[in-house]
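Chain naming here is simple, since letters A, B, ... match the order of the sequence lines and numbering starts at 1 in each.
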Amino acid sequence: MKLATWNVNSLKVRLPHALDWLEANQPDVLCLQETKQEDSKFPLSELQQAGYQAVFSGQRTYNGVAIISKAVLEDVMCGIPDFPDEQRRVIAATLNGVRVVCIYAPNGQSVGSEKYQYKLSWYLALRKWLKNELVCYPRLALLGDFNIAPEDRDVHDPKAWEGNVLVSEPERAEFRELEQLGLRDSFRLFEQPEKSYSWWDYRMMAFRRNMGLRIDHILLSEVLIPVCTDCTIDRAPRKLERPSDHTPVVANIVI
DNA sequence: ATGGCGCTTAATAAGCGA
């Protein structure tokens with residue numbers, strides 16, 4: 001079973017890239033973030049023609065998440081229970097007995113800002129919910145744009161980024177709290193190239209200079225860790241014309 | 001170096017992302 005996540009930064013603009021990528025890679029499930037589309041405008045028929053079904057929770061301009069799958073999607077949930085939020089950041093569904101949770105974590109803007117506080121409270125609510133979710137669904141995968149670079153090796157210039165949003169200690173502590181639930185960063189289960197990142201700023205030729213961060217992740221629950229065979233970052237879509245600033249992360253599990 | 005680029009809504013600029 002091939003699982004993937006990709007922040008497309010507007011599904012309207014990136015639909016051709018997404019369809020090409022699905023055709024070339026044939027994942028069983030692809031989690032999307034920053035679709036930036038109201039549900040009425042979601043390109044369901046185009047995806048169905050490509051052999052996929054989808055569930056989605058979007059809004060105009062900002063945020064928006066979707067799960068695209070070859071298999072039937074069941075028990076669909078949007079948002080975090082008991083965490084009222086206008087921002088469409090979470091969607092979950094079960095397919096082939098695996099609970100797939102797709103997240104677009106808040107950016108946080110700057111350390112100490114209101115948006116940063118929102119980010120930390122959002123992570124607290126997420127982890128409290130997932131603790132229960134893992135009881136109901138021991139086979140669980142948490143995929144998405146976490147907007148956290150977990151360690152210094154996930155940052156192109158740790159000194160320049162030190163203390164900044166996306167790498168600050170309270171954010172990294174939240175990432176470790178997720179690991180305390182038994183979730184593991186599938187990327188680090190395997191030997192990886194140095195300087196592996198999933199996002200590069202559009203400016204300053206950051207991609208060409210590999211000035212990136214690894215902030216998109218696939219976390220797997222304890223029972224899925226032993227059956228994970230690989231996790232890779234696919235840099236190819238970042239080289240296309242008008243790319244998303246993020247690139248897909250892919251993991252395979254044998255179930 | 002507080003800019004840079006790209007997307008969105010809106011409207012001929014401004015907010016936001018990371």
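Contact annotation: A/His246 does not reach the phosphate of B/dG17 (side-chain N/O to OP1 or OP2, under 4.0 Å). Contact annotation: A/Arg14 side-chain N/O to B/dC7 OP1/OP2 distance is under 4.0 Å. Between A/Tyr197 and B/dA18 there is no side-chain polar atom (N or O) within less than 4.0 angstrom of OP1 or OP2. Considering only side-chain N and O atoms, A/Arg242 lies nowhere under 4.0 angstrom from the phosphate OP1 or OP2 of B/dC5.
If you take atom C1' in B/dG15 and the same atom in B/dA10, they sit 12 Å apart, rounded to whole Å. Comparing the same atom, P, in B/dC16 and in B/dA1 gives a spacing of 26 Å after rounding to whole Å. Nucleotides B/dA11 and B/dC7 place their C1' atoms 16 Å apart, quoted to the nearest Å. Taking atom C1' in both B/dA18 and B/dG6, the straight-line distance is 12 Å, to the nearest Å. A distance of about 26 Å separates the C1' atoms of B/dT2 and B/dT12, rounded to the whole Å.
As judged by a 4.0 angstrom heavy-atom cut-off over every strand, A/Asn147 is placed among residues touching the sugar-phosphate backbone only. Residue contacts for A/Asn63: at a heavy-atom cut-off of 4.0 Å it reaches no nucleic acid atom on any strand shown. Within 4.0 Å of A/Val165, counting heavy atoms only, lies no atom of the nucleic acid at all. At the heavy-atom level, A/Phe207 lies nowhere under 4.0 Å from the strands shown. Note on A/Asp145: only backbone sugar-phosphate atoms sit closer than 4.0 angstrom, heavy atoms only; bases stay farther off.
Note on residues 135-148 of chain A: pairs passing side chain to side chain donor-acceptor pair (under 3.5 Å), not counting sequence neighbours, are A/Asn7-A/Asp145. Residue pairs meeting the side chain to side chain donor-acceptor pair (under 3.5 Å) criterion with at least one member in residues 212-224 of chain A, sequence neighbours excluded, are A/Asp154-A/Arg214, A/Asp185-A/Arg214, A/Ser198-A/Asp216, A/Arg214-A/His217, A/Asp216-A/His246. Residue pairs meeting the side chain to side chain donor-acceptor pair (under 3.5 Å) criterion with at least one member in residues 88-99 of chain A, sequence neighbours excluded, are A/Asn63-A/Arg89, A/Gln87-A/Arg89, A/Arg89-A/Tyr118, A/Thr94-A/Arg99, A/Arg99-A/Glu133.
Residues passing the salt bridge (charged side-chain N to carboxylate O under 4.0 Å, His left out) test with A/Asp152, sequence neighbours excluded: A/Arg172. Under the salt bridge (charged side-chain N to carboxylate O under 4.0 Å, His left out) criterion, A/Glu169 pairs with A/Arg176, sequence neighbours left out. Listed by chain and number, the residues in a salt bridge (charged side-chain N to carboxylate O under 4.0 Å, His left out) with A/Arg153 are A/Glu151 (sequence neighbours excluded). Scanning for salt bridge (charged side-chain N to carboxylate O under 4.0 Å, His left out) contacts around A/Arg242 gives an empty result, with sequence neighbours left out.
Rounded to an integer number of Å, the gap from A/Asp216 CG to B/dG17 P is 16 Å. A/Tyr202 places its OH atom 8 Å from the P atom of B/dG6, with the value rounded to the nearest Å. Rounded to an integer number of Å, the gap from CE of A/Met211 to C1' of B/dC5 is 13 Å. Distance CD (A/Gln37) to C1' (B/dT8): 12 Å, rounded to an integer number of Å.
Within a heavy-atom distance below 4.0 Å of DNA chain B, no residue of residues 148-164 of chain A is found.
Here the side chains of A/Leu140 and A/Leu183 are in contact, with some heavy-atom distance below 4.5 Å. Residues A/Ser186 and A/Cys228 have side chains in contact (heavy-atom distance under 4.5 Å, counting atoms from C-beta outward). Between A/Val98 and A/Val100, the closest side-chain pair of non-hydrogen atoms falls below 4.5 Å.
The A/Leu166 side chain lies nearest to B/dA18 when the options are B/dT8, B/dA18, B/dG17.
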Review item, nucleotides 10-16 of chain B N/O atoms under 3.5 Å of protein N/O:
{"unit_1": "B/dA10", "atom_1": "OP1", "unit_2": "A/Arg60", "atom_2": "NH2", "d": "3.3"}

